[in-house]
Amino acid sequence: MLDVSYMSGGYGRADVLENVSLKVAQGEAVALLGPNGAGKSTLMAALTATLPRRAGTLRLDGRDLSRARSHDLVAAGMALVPEGRLIFTPFTVRDNLRLGAIALSRRGRLAERHDYVFGLFPRLAERVGQRAGTLSGGEQQMLAIGRALMSKPRLLLLDEPFLGLAPMIVSEIVAALRKLQRDGLTILLVEQKLDIALTCTTRAYVMLKGAVALESSTHDLAQRPDLHDLYFKLSAPRTP
Amino acid sequence: MSDLLELVVSATASGSIYALVALAYLLILRPTSIINFAVGEWAATGAFVGVAAQTTLAWPALDGPYWLAVIAVLVCLGALGWLVEALTVRPLIARGANITSPILALLGVLVIFRESLTMLFGADPLPSPPPFGFKRVAFGLFAGVPQQFLIITVTFVLFAAVWLFFERTVWGRAFEAVALNRRAAALMGINLRRVTTFAFVSGAMVAGLAGLLMSPLTSAHYMMGLPLAIQGFTALVIGGVGRVEGALLGGLVLAFVEQLGARYLPIPSGLTLGFPFVLLILFLFLRPSGLMPPREAR
Amino acid sequence: MPLLRSLRGALALALLLTQGAVATAQETVKIGVITDHVASAKFYAEPVTRGVELGAKMINQNGGVLGKKIELIIEDDQNKPDVSAAKARKLVDDGVVAIISNTGSPATQQAQTVSLETKTLHLTPANSADTLTTQLDDPYFFQTGPLASIQLATLMAYTKSRGFKDVAIVRDNSSLSQSFADSFRKGLEKVGIKVALQEVIPQGATSAVANLQKVRAAKVDAILQAGVLGPEMLQFFRAYQQLGMTEPVLGSYNLSIPAYLTMAKDLMDGVVFVDAFDADKPEAKAFTEAYGKEYHEQPSSLPAYGWDGIHLIAQAIEKAGSLDKEKLRAAMASTTNYVGAIGAKGTSWGFRDGKRTGFDPQGAVVRVIKDNQHGPVVFAGQN
């Protein structure tokens, strides 16, 4: 479904990303791991065309969308739940969700999407008229995910959605992600911590310093006792 | 007492004009963070288009009715707003330029507009016909000329419409969303380029209307743009940049301080022209967020 | 010596030819005009220059001067003093016998340095600044424009004759308006009229209601309008009408601008202003007729200044009998009792008491605006 080749780019003159290539097959749930500053969020920005400078190829279902702009990518079926959620705090839950559906005219219907999201996150239904800024952290994260789902994406990108959340909320959201996958959604999950990634994904890429350093099944990755050292080893300069 | 009430009408009318210019700034500023000082010249253009459409004094001298002038102003200014955005703002944004670049480029646009107006229409002030004449009218205790009441009515209706648009329609919410967080809005699938174009087109139209409404009282004159740009900007700062209602409040506050001060303060008359600047400085120093703070207080 | 003879012959032939060439060049009398096509003085320089052109045409139709036609050479100084001096020099190099300065007073002042140095006859028919003939002692420079002091004195005499005791002054915040207002105040004090208050309508104002409410509350006998900016002038008249005020409105030549009649249509009837043109005078009538025939429209008073200016120069040339610089200067300086299109009935141009200002002190008039036109004279002179 998602085919990224030689993606590079950055915010200013210097490139943050260096020739990143990765693939996500239809229906897969793949993790993107790596320490802080590895370039994971930058890659998300590149994929959603919000990175000022980028080069490389991006294919979605075989369509070349390398030059597409952000709104075109959403219309093509790719949605991002960004780092920090970026929900519109002065707006109500309803308005936030409604905005997520702005690209929806191409497929599906508004009521059906609302029902689907509320079914996934009943808490949102309870607070539909509330100002988003008054929601708890976990509820805001659910809103961010729900909002992204409103455009009926076929590929969902999530950037560190569990940051700062209580374990109970984390498991609620993980359960929701599992259901989404069962419903056919393809998922690319950016995470720092391997243990959470284990519960949601089957394959993982590890990014270090703007490049993909390793690709493995999440299971195999978890077996490695030297994961911590691995981060260090992979970030060490390669000896010829 | 009747003096005061008549002054209230005059100040409300002047404040409405300031509010319209402030609204023009706001429509562009909120989604793009660009301060467009050329709105004053757009208002002047609206005034001249009005004269050209209704009289024989300016090319193309259509000598037509008022509704023709209104349509002409909306169409011409909308087109000019679109053109300015496409030619000066879009290339700069596409190149990832710092936000000050479009602001400076628009200062150049300001000069181009003013010189063009002088070349097309000459240096003499041209009279602009008021649609309802100039006989003094009174509504209850409030007396004034019809044009003042027209200005007040149109302004309040327009503000109500704009408020409804932003608060109650999806596209208005989308506009607001871009103002709150450009990146998040882009991730929703909101077409940022279209929003920017809409901002400039609507801002230009509102500015043009302000000029058309004001010109029967003050004439259409090539120098009218700069004072309006300053008055509108001051109104914007006073009212607060975050809210549509703020622009209206700011305009009214400015006009009331100006005119009530001129009438009742025991200071030499020449000093009253400093009021807008004094208010501007005061607010920028003491309350830069304006009287109505934006709603994203976390 | 054949060579010498042929050389002398050649020289004689050359001289003959050159003299002939000079004679051909001297078929016209060249007179230079400095005007402003593009800048701030345009709105009065152009009408005045038109009057000069029309006057020259009339003079040529009647035989010209000294049997030759007048040829006007027109230069544009953009109302800039340095450029004005440069253009004056160019005109002298082009062989003009006189220069007419039609732009702003500072530009005319600077051009005088050239007329002084080259001893060229120099005339300003429209500038009103009081110090143009006193700052520089240029005996070749003459000013026939209506002096501001004369216009003011006429206005003050009229104001006094109306019996006003308390007046208000209304102005805008431009420097020119401020100087008008200052001169009004001084003039009013001199004739014993009290200025109750002075109101300022700042540039960019959207309403003058507050200002005029204050004036109305002061219960003055009349309002002296010292404004020069168009839109602010319009605000004044709009507010005046809106408040239903009836105090007489008076102004100096700042209110004589024809453009105001269009801009403030139907608002200025009854307003009085100072001018130097009495449309009833026979010479004024003749000028108006000639202007109408040539340009198919009614003239304001401005072209009449230019018309009189070129005629004054023509009569000086005729009187001098030649184009000799000293004779021209003396002829102009001795001009007295020359009646032109400009000036109140019974007044005339003349350089009296050795002064080089020629406008008759009694020559200004007060006119009233009637039916959106500059109407009849209601007062003349300073008494």
Side-chain angles (χ1 to χ4, degrees), chain A residues 10-13 41 44-45 47-54 68-92 94-106 110 131-134 140 144 147-153 156-157 159, chain B residues 26 30-33 90-99 101-102 163-199 240-246 289-290 292-298:
Chain A
Y11 291 97
R13 283 263 171 77
S41 296
M44 292 300 109
L47 294 182
T48 54
T50 53
L51 191 65
R53 246 183 355 90
R54 63 168 182 156
R69 286 174 289 159
S70 309
H71 57 271
D72 295 324
L73 291 161
V74 174
M78 184 172 83
L80 169 68
V81 182
E83 188 187 11
R85 300 161 210 150
L86 300 187
I87 57 172
F88 302 114
T89 45
F91 292 0
T92 58
R94 181 190 293 113
D95 280 344
N96 268 280
L97 291 175
R98 184 64 190 84
L99 279 178
I102 262 201
L104 190 59
S105 53
R106 318 268 173 105
L110 193 59
R131 269 192 59 212
T134 61
Q140 286 189 357
R147 189 179 63 169
L149 290 172
M150 289 297 286
S151 60
K152 204 164 184 184
L156 185 66
L157 311 172
D159 195 342
Chain B
L26 196 126
R30 290 226 72 213
T32 68
S33 299
R90 205 181 297 172
L92 289 173
I93 292 187
R95 224 157 286 174
N98 186 283
I99 204 68
S101 306
W163 186 89
L164 276 172
F165 171 73
F166 284 137
E167 292 293 312
R168 299 272 182 269
T169 67
V170 179
W171 282 106
R173 296 265 90 192
F175 214 79
E176 266 295 291
V178 175
L180 287 173
N181 191 317
R182 258 181 106 76
R183 189 169 158 244
L187 293 174
M188 302 288 96
I190 295 173
N191 187 333
L192 292 183
R193 225 182 258 185
R194 216 177 275 172
V195 168
T196 305
T197 303
F198 178 79
V241 180
R243 308 246 291 257
V244 165
E245 316 91 279
S289 60
M292 301 194 93
R295 251 182 259 111
E296 50 256 37
R298 216 171 270 262

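All chains are named by letter (A, B, ...) in the order of the sequence lines, taking the proteins before the strands, and each is independently numbered beginning at 1. Model, not experiment: these values are computed from the prediction.
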CE on B/Met188 to NE2 on A/His71, rounded to 0.5 Å
14.5 Å
A/Phe88 and B/Glu176: side-chain contact (heavy atoms from CB on, under 4.5 Å), yes or no, with the steps?
CA-CA 9 Å; A/Phe88 302 114; B/Glu176 266 295 291; over 6 Å; no
B/Arg193 versus chain A, the contacting section by heavy-atom distance below 4.5 Å:
side chain
Return the minimal non-hydrogen interatomic distance between B/Ala186 and A/Val74, and the atom names on each side.
O-CG2, 4.3 Å
For A/Ile102 against B/Gly189, the heavy-atom pair lying closest together
CG2-O, 4.1 Å
Ranking B/Val170, B/Asn181, B/Asn191, B/Leu187 by heavy-atom pairs under 4.5 Å to chain A gives rank one to B/Asn191
Close side-chain approach of A/Ser70 and B/Leu192, heavy atoms under 4.5 Å
no
B/Arg183 and A/Thr50, any side-chain heavy atoms less than 4.5 Å apart:
yes
Which atoms of A/Arg147 come close to chain B, meaning under 4.5 Å heavy atom to heavy atom: side chain ones, backbone ones, both, or neither?
side chain
Checking A/Thr92, A/Asp95, A/Asn96 against B/Arg173 for side-chain hydrogen bond (donor to acceptor under 3.5 Å, both in side chains), the one that qualifies is A/Asp95
